[in-house]
Amino acid sequence: MPELPEVETVRAILEKRVVGKTVRDVLIRYEKIIKNTSSEEFAARLKGAKLTDISRRGKYLLFIFDKAILLSHLRMEGKYLLAADNPYSKHEHVVFFFTDGSELRYHDMRKFGTMHLFETTDLISVMESEPLKKMGLEPFDDRLTPDYLAGKIANSKRSVKSILLDQTIISGLGNIYVDEVLFLSRIHPAAPGGTLDRASLKLLIENVRIVLNKAIAYGGTTVKSFQATDEVSGRFQNYLMVHTKAECPSCHRPVSKIRVAGRGTYLCEHCQIKPAGADYL
DNA sequence: CGCATTCCCTGGGTGC
DNA sequence: TGCACCCAGGGAATGC
(Lines give C-alpha, C1' and ligand atoms only; values in the text may rest on other atoms or scores of the structure.)
Protein backbone atom coordinates (compact mmCIF):
# COMPACT_ATOMS: atom_id res chain seq x y z
CA MET A 1 0.00 0.00 0.00
CA PRO A 2 1.75 3.11 -1.17
CA GLU A 3 2.42 5.61 1.60
CA LEU A 4 4.64 8.66 1.40
CA PRO A 5 7.94 6.77 0.90
CA GLU A 6 6.48 4.62 -1.87
CA VAL A 7 4.88 7.60 -3.61
CA GLU A 8 8.14 9.52 -3.34
CA THR A 9 10.01 6.54 -4.83
CA VAL A 10 7.58 6.37 -7.74
CA ARG A 11 7.84 10.13 -8.19
CA ALA A 12 11.63 10.05 -8.40
CA ILE A 13 11.62 7.20 -10.92
CA LEU A 14 8.96 8.77 -13.12
CA GLU A 15 10.73 12.12 -12.95
CA LYS A 16 13.80 10.55 -14.50
CA ARG A 17 11.89 8.49 -17.01
CA VAL A 18 9.00 10.57 -18.35
CA VAL A 19 9.55 14.27 -17.65
CA GLY A 20 10.06 16.08 -20.93
CA LYS A 21 7.75 13.80 -22.91
CA THR A 22 4.69 15.08 -24.76
CA VAL A 23 1.34 13.30 -24.67
CA ARG A 24 0.12 12.19 -28.09
CA ASP A 25 -3.06 10.52 -26.85
CA VAL A 26 -4.73 9.09 -23.75
CA LEU A 27 -6.75 5.89 -23.51
CA ILE A 28 -9.14 5.48 -20.58
CA ARG A 29 -10.19 1.88 -20.11
CA TYR A 30 -11.97 2.36 -16.75
CA GLU A 31 -13.68 5.72 -16.38
CA LYS A 32 -14.28 5.76 -12.64
CA ILE A 33 -10.58 6.40 -11.96
CA ILE A 34 -11.13 9.95 -13.29
CA LYS A 35 -12.90 11.94 -10.60
CA ASN A 36 -13.46 15.56 -11.62
CA THR A 37 -14.02 15.49 -15.36
CA SER A 38 -15.22 13.29 -18.17
CA SER A 39 -12.95 10.82 -19.95
CA GLU A 40 -13.35 12.86 -23.14
CA GLU A 41 -12.30 16.13 -21.55
CA PHE A 42 -9.49 14.40 -19.70
CA ALA A 43 -8.01 13.00 -22.91
CA ALA A 44 -8.62 16.14 -24.93
CA ARG A 45 -6.95 18.37 -22.37
CA LEU A 46 -3.82 16.21 -22.13
CA LYS A 47 -3.33 15.74 -25.88
CA GLY A 48 -0.27 17.74 -26.87
CA ALA A 49 0.63 18.50 -23.25
CA LYS A 50 4.30 18.35 -22.31
CA LEU A 51 5.23 16.95 -18.89
CA THR A 52 7.51 19.47 -17.23
CA ASP A 53 7.78 18.15 -13.66
CA ILE A 54 6.46 15.58 -11.20
CA SER A 55 5.81 16.62 -7.62
CA ARG A 56 4.18 15.11 -4.55
CA ARG A 57 1.79 16.24 -1.81
CA GLY A 58 1.13 13.65 0.89
CA LYS A 59 0.34 10.47 -1.00
CA TYR A 60 -0.68 12.33 -4.18
CA LEU A 61 1.52 12.45 -7.26
CA LEU A 62 1.32 15.75 -9.18
CA PHE A 63 2.08 15.52 -12.87
CA ILE A 64 2.84 19.09 -13.94
CA PHE A 65 2.15 19.61 -17.65
CA ASP A 66 2.59 22.81 -19.63
CA LYS A 67 -1.19 23.15 -19.95
CA ALA A 68 -2.63 21.16 -17.04
CA ILE A 69 -1.89 19.54 -13.69
CA LEU A 70 -2.83 15.92 -13.05
CA LEU A 71 -3.22 14.52 -9.52
CA SER A 72 -2.85 10.78 -9.12
CA HIS A 73 -3.54 8.86 -5.91
CA LEU A 74 -2.42 5.22 -5.98
CA ARG A 75 -4.55 4.20 -2.98
CA MET A 76 -3.98 0.51 -2.30
CA GLU A 77 -2.52 -1.01 -5.42
CA GLY A 78 -1.98 1.62 -8.08
CA LYS A 79 1.30 1.58 -10.01
CA TYR A 80 2.76 2.95 -13.19
CA LEU A 81 4.22 0.70 -15.85
CA LEU A 82 6.82 2.07 -18.20
CA ALA A 83 7.55 -0.88 -20.47
CA ALA A 84 4.45 -1.64 -22.48
CA ASP A 85 4.69 -3.37 -25.82
CA ASN A 86 2.62 -6.31 -24.54
CA PRO A 87 -1.21 -6.53 -24.72
CA TYR A 88 -3.16 -4.63 -22.07
CA SER A 89 -3.81 -6.50 -18.86
CA LYS A 90 -7.30 -6.30 -17.34
CA HIS A 91 -5.86 -4.06 -14.62
CA GLU A 92 -4.44 -1.36 -16.85
CA HIS A 93 -6.99 1.46 -16.71
CA VAL A 94 -5.35 4.57 -18.13
CA VAL A 95 -2.70 4.66 -20.87
CA PHE A 96 -0.65 7.74 -21.78
CA PHE A 97 0.86 7.55 -25.27
CA PHE A 98 3.82 9.85 -25.80
CA THR A 99 4.99 11.37 -29.07
CA ASP A 100 8.27 9.43 -28.87
CA GLY A 101 6.33 6.16 -29.12
CA SER A 102 6.65 5.20 -25.45
CA GLU A 103 3.71 4.54 -23.11
CA LEU A 104 2.94 5.04 -19.43
CA ARG A 105 0.24 2.72 -18.14
CA TYR A 106 -1.69 3.11 -14.86
CA HIS A 107 -2.26 -0.34 -13.36
CA ASP A 108 -4.63 -0.81 -10.42
CA MET A 109 -5.92 -4.23 -9.47
CA ARG A 110 -8.45 -2.91 -6.98
CA LYS A 111 -9.55 0.15 -8.98
CA PHE A 112 -9.27 2.27 -5.81
CA GLY A 113 -6.89 4.85 -7.27
CA THR A 114 -8.05 8.30 -8.37
CA MET A 115 -7.05 10.98 -10.85
CA HIS A 116 -8.04 14.66 -10.85
CA LEU A 117 -7.22 16.91 -13.80
CA PHE A 118 -6.91 20.69 -13.45
CA GLU A 119 -6.95 22.99 -16.45
CA THR A 120 -4.36 25.29 -14.96
CA THR A 121 -0.61 25.37 -14.55
CA ASP A 122 -0.85 27.34 -11.31
CA LEU A 123 0.34 24.94 -8.63
CA ILE A 124 -0.81 27.23 -5.82
CA SER A 125 -4.41 27.21 -7.01
CA VAL A 126 -4.36 23.40 -7.29
CA MET A 127 -2.98 23.12 -3.75
CA GLU A 128 -5.85 25.32 -2.59
CA SER A 129 -8.50 23.24 -4.36
CA GLU A 130 -10.02 19.89 -3.42
CA PRO A 131 -8.70 17.34 -2.77
CA LEU A 132 -5.35 18.88 -1.71
CA LYS A 133 -6.96 21.82 0.08
CA LYS A 134 -7.59 19.93 3.29
CA MET A 135 -4.23 18.17 3.46
CA GLY A 136 -2.28 18.54 6.69
CA LEU A 137 1.38 19.42 7.05
CA GLU A 138 4.04 17.44 5.24
CA PRO A 139 6.00 15.34 7.76
CA PHE A 140 9.20 17.30 7.10
CA ASP A 141 7.55 20.71 7.31
CA ASP A 142 9.20 22.85 10.01
CA ARG A 143 5.74 23.88 11.16
CA LEU A 144 5.08 20.31 12.33
CA THR A 145 5.82 20.78 16.03
CA PRO A 146 4.51 19.37 19.34
CA ASP A 147 2.50 22.59 19.70
CA TYR A 148 0.90 22.07 16.28
CA LEU A 149 -0.09 18.49 17.14
CA ALA A 150 -1.30 19.49 20.59
CA GLY A 151 -3.52 22.12 19.02
CA LYS A 152 -5.09 19.50 16.77
CA ILE A 153 -5.72 16.87 19.42
CA ALA A 154 -6.18 18.69 22.71
CA ASN A 155 -8.46 16.59 24.93
CA SER A 156 -9.11 14.23 22.02
CA LYS A 157 -10.22 10.73 22.86
CA ARG A 158 -9.29 9.52 19.39
CA SER A 159 -6.57 6.90 19.32
CA VAL A 160 -3.10 8.18 18.51
CA LYS A 161 -3.08 5.77 15.56
CA SER A 162 -6.21 7.38 14.14
CA ILE A 163 -4.59 10.80 14.59
CA LEU A 164 -1.39 9.81 12.78
CA LEU A 165 -3.42 8.28 9.95
CA ASP A 166 -5.47 11.49 9.57
CA GLN A 167 -4.23 13.14 6.36
CA THR A 168 -5.68 16.49 7.43
CA ILE A 169 -3.25 16.59 10.38
CA ILE A 170 -0.09 15.08 8.88
CA SER A 171 -0.10 14.03 5.23
CA GLY A 172 1.58 10.89 3.96
CA LEU A 173 1.45 8.34 6.77
CA GLY A 174 -0.38 5.04 6.27
CA ASN A 175 -0.90 1.85 8.21
CA ILE A 176 2.60 0.39 7.94
CA TYR A 177 4.57 3.45 8.97
CA VAL A 178 2.21 4.44 11.76
CA ASP A 179 2.73 1.02 13.34
CA GLU A 180 6.49 1.47 13.02
CA VAL A 181 6.46 5.01 14.43
CA LEU A 182 4.38 3.97 17.44
CA PHE A 183 6.65 1.01 18.12
CA LEU A 184 9.78 3.18 18.02
CA SER A 185 8.06 5.69 20.28
CA ARG A 186 6.97 2.93 22.68
CA ILE A 187 3.43 4.31 22.58
CA HIS A 188 0.32 2.14 22.49
CA PRO A 189 -1.67 2.63 19.23
CA ALA A 190 -4.96 2.91 21.12
CA ALA A 191 -3.68 5.60 23.49
CA PRO A 192 -6.10 8.56 23.32
CA GLY A 193 -4.42 11.59 21.74
CA GLY A 194 -5.37 13.76 24.65
CA THR A 195 -3.27 11.65 27.05
CA LEU A 196 -0.02 12.38 25.22
CA ASP A 197 2.26 14.96 26.79
CA ARG A 198 4.57 17.35 24.90
CA ALA A 199 7.53 14.97 25.24
CA SER A 200 5.52 12.16 23.65
CA LEU A 201 4.41 14.40 20.81
CA LYS A 202 8.01 15.49 20.23
CA LEU A 203 9.11 11.86 20.19
CA LEU A 204 6.35 10.94 17.73
CA ILE A 205 7.35 13.70 15.31
CA GLU A 206 11.03 12.71 15.52
CA ASN A 207 10.20 9.08 14.83
CA VAL A 208 7.87 9.95 11.95
CA ARG A 209 10.84 11.64 10.28
CA ILE A 210 13.30 8.88 11.15
CA VAL A 211 11.03 6.13 9.80
CA LEU A 212 10.06 8.00 6.64
CA ASN A 213 13.65 9.03 5.87
CA LYS A 214 14.86 5.48 6.23
CA ALA A 215 11.99 4.09 4.15
CA ILE A 216 12.64 6.63 1.38
CA ALA A 217 16.34 5.76 1.45
CA TYR A 218 15.42 2.10 0.90
CA GLY A 219 12.99 2.86 -1.91
CA GLY A 220 9.82 2.21 0.09
CA THR A 221 8.28 -1.04 1.21
CA THR A 222 7.35 -3.79 -1.20
CA VAL A 223 4.28 -5.50 0.28
CA LYS A 224 1.95 -7.86 -1.50
CA SER A 225 1.41 -6.33 -4.90
CA PHE A 226 3.10 -3.00 -4.35
CA GLN A 227 6.15 -2.22 -6.42
CA ALA A 228 7.39 1.26 -7.17
CA THR A 229 7.24 0.58 -10.90
CA ASP A 230 7.47 -2.50 -13.06
CA GLU A 231 11.21 -2.62 -12.63
CA VAL A 232 11.93 -1.29 -9.16
CA SER A 233 11.07 -2.80 -5.78
CA GLY A 234 11.47 -1.18 -2.38
CA ARG A 235 13.57 -2.84 0.30
CA PHE A 236 12.25 -1.32 3.53
CA GLN A 237 10.19 -4.44 4.26
CA ASN A 238 13.50 -5.97 5.38
CA TYR A 239 13.81 -3.34 8.09
CA LEU A 240 10.31 -3.35 9.58
CA MET A 241 10.37 -3.62 13.38
CA VAL A 242 6.81 -4.61 14.23
CA HIS A 243 4.41 -4.41 11.24
CA THR A 244 3.71 -8.00 10.07
CA LYS A 245 6.30 -9.28 12.54
CA ALA A 246 5.81 -12.23 14.90
CA GLU A 247 8.39 -11.32 17.54
CA CYS A 248 9.32 -8.01 19.16
CA PRO A 249 12.90 -7.14 18.17
CA SER A 250 13.39 -5.47 21.55
CA CYS A 251 12.00 -7.85 24.19
CA HIS A 252 11.45 -10.93 21.97
CA ARG A 253 7.93 -11.43 23.21
CA PRO A 254 5.22 -12.20 20.60
CA VAL A 255 3.88 -9.25 18.60
CA SER A 256 0.11 -8.76 18.94
CA LYS A 257 -2.26 -8.00 16.09
CA ILE A 258 -5.31 -6.00 17.09
CA ARG A 259 -7.75 -3.62 15.38
CA VAL A 260 -7.33 0.11 15.98
CA ALA A 261 -8.96 2.90 13.97
CA GLY A 262 -10.43 0.18 11.74
CA ARG A 263 -6.96 -1.02 10.72
CA GLY A 264 -5.04 -4.18 11.36
CA THR A 265 -2.48 -3.06 13.94
CA TYR A 266 0.75 -4.70 15.05
CA LEU A 267 2.26 -3.84 18.40
CA CYS A 268 4.29 -5.17 21.30
CA GLU A 269 2.03 -5.10 24.34
CA HIS A 270 5.05 -5.14 26.61
CA CYS A 271 7.16 -2.38 25.03
CA GLN A 272 4.39 -0.06 23.84
CA ILE A 273 3.12 1.14 27.18
CA LYS A 274 0.01 3.12 27.95
CA PRO A 275 0.44 6.67 29.21
CA ALA A 276 0.34 6.92 33.00
CA GLY A 277 -3.18 7.02 34.37
CA ALA A 278 -4.84 5.93 31.15
CA ASP A 279 -7.81 3.74 31.89
CA TYR A 280 -8.61 2.52 28.39
CA LEU A 281 -8.32 -1.10 27.25
C1' DC B 1 -18.70 19.54 15.32
C1' DG B 2 -16.40 15.15 16.25
C1' DC B 3 -15.92 10.70 15.61
C1' DA B 4 -17.49 6.16 13.82
C1' DT B 5 -19.27 3.50 10.08
C1' DT B 6 -20.12 2.38 5.24
C1' DC B 7 -18.76 2.12 0.64
C1' DC B 8 -15.85 1.44 -3.29
C1' DC B 9 -13.00 -2.98 -5.53
C1' DT B 10 -10.78 -7.70 -6.43
C1' DG B 11 -7.32 -11.33 -5.41
C1' DG B 12 -6.25 -14.46 -2.04
C1' DG B 13 -7.44 -17.37 1.63
C1' DT B 14 -10.65 -20.56 4.01
C1' DG B 15 -14.19 -24.06 4.59
C1' DC B 16 -17.18 -27.38 2.65
C1' DT C 1 -12.26 -28.29 -8.64
C1' DG C 2 -15.67 -25.13 -7.57
C1' DC C 3 -18.26 -22.08 -4.95
C1' DA C 4 -19.70 -19.02 -1.18
C1' DC C 5 -17.82 -16.29 1.93
C1' DC C 6 -14.69 -13.00 4.26
C1' DC C 7 -10.70 -9.97 4.57
C1' DA C 8 -7.36 -6.18 3.31
C1' DG C 9 -7.59 -0.74 3.39
C1' DG C 10 -7.36 5.27 1.86
C1' DG C 11 -10.38 8.46 1.64
C1' DA C 12 -15.21 10.22 0.41
C1' DA C 13 -19.71 10.02 1.93
C1' DT C 14 -22.91 9.16 5.34
C1' DG C 15 -24.70 8.48 10.10
C1' DC C 16 -25.27 9.42 15.00
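Residue numbers begin at 1 in each chain, while the letters A, B, ... track the order of the sequences. Since we're looking at a predicted model, the values are computed, not measured.
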Check Asp179(A) with Arg263(A), please: is the shortest side-chain N to carboxylate O separation under 4.0 Å?
no
Would you please name every residue forming a side-chain contact (heavy atoms from CB on, under 4.5 Å) with Lys32(A), sequence neighbours left out?
Tyr30(A)
To the side chain of [X], which of [options] is closest?
| X | options | answer |
| --- | --- | --- |
| Lys257(A) | dC9(B), dG11(C), dA8(C) | dA8(C) |
| His91(A) | dA8(C), dT10(B), dG11(C) | dT10(B) |
| Lys111(A) | dA12(C), dC9(B), dG10(C) | dC9(B) |

May I have the distance from [X] (atom [atom1]) to [N] (atom [atom2]), rounded to whole angstrom?
| X | N | atom1 | atom2 | result |
| --- | --- | --- | --- | --- |
| Glu6(A) | dG9(C) | CD | P | 14 Å |
| His93(A) | dC8(B) | NE2 | C1' | 13 Å |
| Leu165(A) | dG10(C) | CG | P | 7 Å |
| Arg259(A) | dA8(C) | CZ | P | 4 Å |
| Asn175(A) | dG10(C) | CG | P | 6 Å |
| Lys35(A) | dG11(C) | NZ | C1' | 10 Å |
| Lys79(A) | dG10(C) | NZ | P | 16 Å |
| Glu92(A) | dT10(B) | CD | P | 15 Å |

Is the cationic atom of Arg110(A) (NZ for Lys, CZ for Arg) positioned less than 6.0 Å from the six-membered ring centroid of Phe112(A) and within 45 degrees of its normal?
yes
Once you apply a heavy-atom cut-off of 4.0 Å, does Gly262(A) come out as touching a base, just sugar-phosphate, or nothing?
nothing
Answer whether the closest heavy-atom distance between the side chains of Met109(A) and Met76(A) falls below 4.5 Å.
no
Residue pair Leu267(A) / Ile258(A), side-chain heavy-atom distance below 4.5 Å:
yes
Taking only N/O atoms, report every protein-nucleotides 1-7 of chain B pair under 3.5 Å with atom names and distance.
| unit_1 | atom_1 | unit_2 | atom_2 | d |
| --- | --- | --- | --- | --- |
| dC3(B) | OP1 | Ser156(A) | OG | 3.2 |

Which word best sums up how the rings of Phe63(A) and Phe65(A) line up, parallel for under 30°, tilted for 30 to 60°, or perpendicular for over 60°?
parallel
Residue set satisfying side-chain hydrogen bond (donor to acceptor under 3.5 Å, both in side chains) with Asp100(A), at least two apart, ordered chain then number -> Lys21(A), Ser102(A)
Residues two or more places apart in sequence or in another chain: which of them pass side-chain hydrogen bond (donor to acceptor under 3.5 Å, both in side chains) with Ser185(A)?
Asn207(A)
At less than 4.0 Å, is any side-chain N or O atom of [X] found next to OP1 or OP2 of [N]? Yes or no.
| X | N | answer |
| --- | --- | --- |
| Arg263(A) | dG10(C) | yes |
| Lys90(A) | dT10(B) | no |
| His73(A) | dG11(C) | yes |
| Tyr60(A) | dG11(C) | no |

Do Tyr80(A) and Ser72(A) meet the criterion of a side-chain donor-acceptor pair at a distance under 3.5 Å?
yes
Can you pull every protein N or O that's under 3.5 Å from an N or O on nucleotides 13-16 of chain C?
none

What about Arg110(A), does its side chain sit under 3.5 Å from the base of dG9(C) through a donor-acceptor pair?
yes
Show which side-chain atoms of residues 115-126 of chain A pair as donor or acceptor with protein atoms under 3.5 Å away, not counting sequence neighbours.
| unit_1 | atom_1 | unit_2 | atom_2 | d |
| --- | --- | --- | --- | --- |
| Thr120(A) | OG1 | Asp122(A) | N | 2.9 |
| Asp122(A) | OD1 | Ile124(A) | N | 3.2 |
| Ser125(A) | OG | Asp122(A) | O | 2.9 |

